[in-house]
Student: 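Below you will find the structure I want to go over with you.
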Amino acid sequence: MSATPRVAVITGASSGIGEATARALHAAGHSVVLLARRADRIRALAAELGDRALAIEADVTDSHSLEDAASRVRSELGGADILVNNAGVMLLGPFSADRRDDHRKMIEVNLLGAITATEVFLEQITSSAAGDIVNISSVAGRTARAGNGVYAATKWGLNGWSESLRQELLPGVRVTLIEPGVVATELPDHITHSETKEAVAALYDSATVTSGDVAEVITFAITRPRHLAINEILLRPADQV
Ligand code: NDP
């Protein structure tokens with residue numbers, strides 16, 4: 001174990017990077033709180049991990065469900081030390097009026113969801129002796145391209161907000177931005193624009209970086225000694241342009 005055990009809340013812990021991060025932080029000796037809408041998945045993961053794992057069904061677009069989760073974390077575990085804002089959707093496709101629902105969903109989950117979860121857990125994290133907030137952004141938070149406009153807007157938004165939050169919360173709470181390239185997960189499965197879905201699925205089928213790789217990076221970043229803050233990590237598959 002690398003440090004004093006802490007309580008880590010992970011949004012979107014039912015699959016991909018969130019699930020892998022929960023596994024990695026649990027293996028490092030921390031307690032993990034798994035938040036997601038697919039209750040069956042997070043309950044199965046909590047049961048598999050055993051002690052120090054709590055599954056709470058929560059939707060990041062519903063502030064009441066996050067507030068209920070925060071109350072349980074406070075009463076059952078004494079409060080959160082770490083918040084990983086990971087829940088996200090990537091509904092890529094050309095910008096068009098037909099895709100208003102996709103556009104709004106990405107903003108509501110990726111950007112407002114992270115902001116709301118942070119509002120709700122802020123008091124717990126700032127009262128911790130060792131608080132960390134991790135925002136999962138993307139290469140798309142730095143580079144926009146045709147077909148990813150609103151997704152990129154959500155991640156650019158996360159990047160800007162994270163830097164401001166970092167300055168406001170120092171020195172007690174560290175804020176870390178993680179910007180992965182292509183990682184093999186279920187992320188493209190929800191794309192509604194069929195041509196884009198096919199193209200992105202092909203790219204993801206050959207992805208070499210795993211959720212476990214990203215989880216290892218996150219765990220490294222937040223388990224450094226408290227005088228050191230790793231604020232931003234951009235990581236890509238070695239062959240990604
Ligand atoms: P997954 O689709 O495997 O995971 C997405 C997670 O988000 C799921 O656990 C899902 O849980 C959760 N989620 C979606 N909507 C909501 C909601 N309304 N409330 C709560 N949870 C929600 O994909 P990844 O692991 O790849 O994605 C995780 C993060 O990583 C995202 O923010 C994504 O943008 C980012 N990322 C991923 C990259 C990649 O290539 N895979 C690259 C760069 C960034 P459930 O459906 O059960 O609610």
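Remember, it's 1-based here, ligands and their atoms both numbered in the order they're listed. In what follows, residues are counted from 1 in the order of the sequence shown.
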Student: Can you list the ligand 1 atoms lying under 4.0 Å from a non-hydrogen atom of G16?
Tutor: 3 (O), 25 (O)

Student: Mind checking whether D59 has an N or O less than 3.5 Å away from an N or O of ligand 1?
Tutor: yes

Student: Within the 4.0 Å heavy-atom shell around V182, which atoms of ligand 1 are there?
Tutor: 40 (O)

Student: Please write down residue, atom name and distance for the protein heavy atom closest to atom 19 (N) of ligand 1.
Tutor: V60 N, 2.9 Å

Student: What's the shortest distance from atom 22 (C) of ligand 1 to any protein heavy atom, and which residue and atom give it?
Tutor: A87 CB, 3.7 Å

Student: For atom 42 (C) of ligand 1, which candidate among S138, G181, P237 holds the nearest heavy atom?
Tutor: G181

Student: At what distance is the nearest protein heavy atom to atom 24 (P) of ligand 1, and which residue and atom is it?
Tutor: T185 OG1, 3.5 Å

Student: Give the residue and atom name of whichever protein heavy atom lies nearest to atom 43 (C) of ligand 1, and the separation in Å to one decimal.
Tutor: P180 O, 3.2 Å

Student: Short N/O distance, under 3.5 Å, between N86 and ligand 1?
Tutor: yes

Student: Could you walk me through whether T118 and N85 pass side-chain hydrogen bond (donor to acceptor under 3.5 Å, both in side chains), step by step?
Tutor: CA-CA 8 Å; T118 305; N85 283 311; 2.9 Å; yes

Student: Just to be sure I read this right, does ligand 1 sit under 4.0 Å from the backbone of K155, its side chain, both, or neither, counting only heavy atoms?
Tutor: side chain

Student: Could you say whether the N/O atoms of I17 and ligand 1 ever approach to under 3.5 Å?
Tutor: yes

Student: Heavy atom under 4.0 Å from ligand 1: found in A58's side chain, backbone, both, or neither?
Tutor: backbone

Student: State, without any angle test, whether D213 and T210 hold a side-chain donor-acceptor pair at a distance under 3.5 Å.
Tutor: yes

Student: Which protein non-hydrogen atom lies closest to atom 36 (N) of ligand 1, naming both residue and atom, and how far is it?
Tutor: Y151 OH, 3.9 Å

Student: Taking 4.0 Å as the limit for heavy-atom contacts, which would you say applies to V109 with ligand 1: side chain only, backbone only, both, or neither?
Tutor: side chain

Student: Who gets closest to atom 44 (C) of ligand 1 by heavy atom: G88, S211, S137?
Tutor: S137

Student: Under 4.0 Å between a side-chain nitrogen and a carboxylate oxygen: does that hold for R74 and E123?
Tutor: yes

Student: Starting from atom 1 (P) of ligand 1, find the nearest protein heavy-atom neighbour and note its residue, name and distance.
Tutor: S15 OG, 3.5 Å

Student: Would you kindly check if the NZ (Lys) or CZ (Arg) of R99 is within the cone defined by 45 degrees around the ring axis of F95 and under 6.0 Å from the six-membered ring centre?
Tutor: no

Student: So that I can tick it off, tell me whether E76 and R72 are bridged by a salt bridge, with the cut-off set at under 4.0 angstrom between side-chain N and carboxylate O.
Tutor: yes

Student: Between N159 and E232, do the side chains contain an N or O donor and an N or O acceptor separated by less than 3.5 Å?
Tutor: no

Student: Measuring from I56:CD1 to L66:CG, what's the distance to the nearest 0.5 Å?
Tutor: 10.0 Å

Student: Taking atom types as modelled, is there a side-chain donor on S137 or N135 under 3.5 Å from an acceptor on the other?
Tutor: no

Student: What residue and heavy atom of the protein are closest to atom 15 (N) of ligand 1, and at what distance?
Tutor: R37 NH2, 3.2 Å

Student: Give me the atom names and distance for the closest heavy-atom approach of A221 to I230.
Tutor: CA-CD1, 4.1 Å

Student: Output yes when the distance from some N or O of ligand 1 to some N or O of N110 is under 3.5 Å, and no in every other case.
Tutor: no

Student: Starting from atom 37 (C) of ligand 1, locate the nearest protein heavy atom and write down its residue, its atom name and how far away it is, to 0.1 Å.
Tutor: L187 CD2, 3.4 Å

Student: Inspect the contact between R38 and E186 and indicate whether a charged nitrogen and a carboxylate oxygen are less than 4.0 angstrom apart.
Tutor: yes

Student: With a 4.5 Å cut-off on side-chain heavy atoms, are L25 and T219 touching?
Tutor: yes

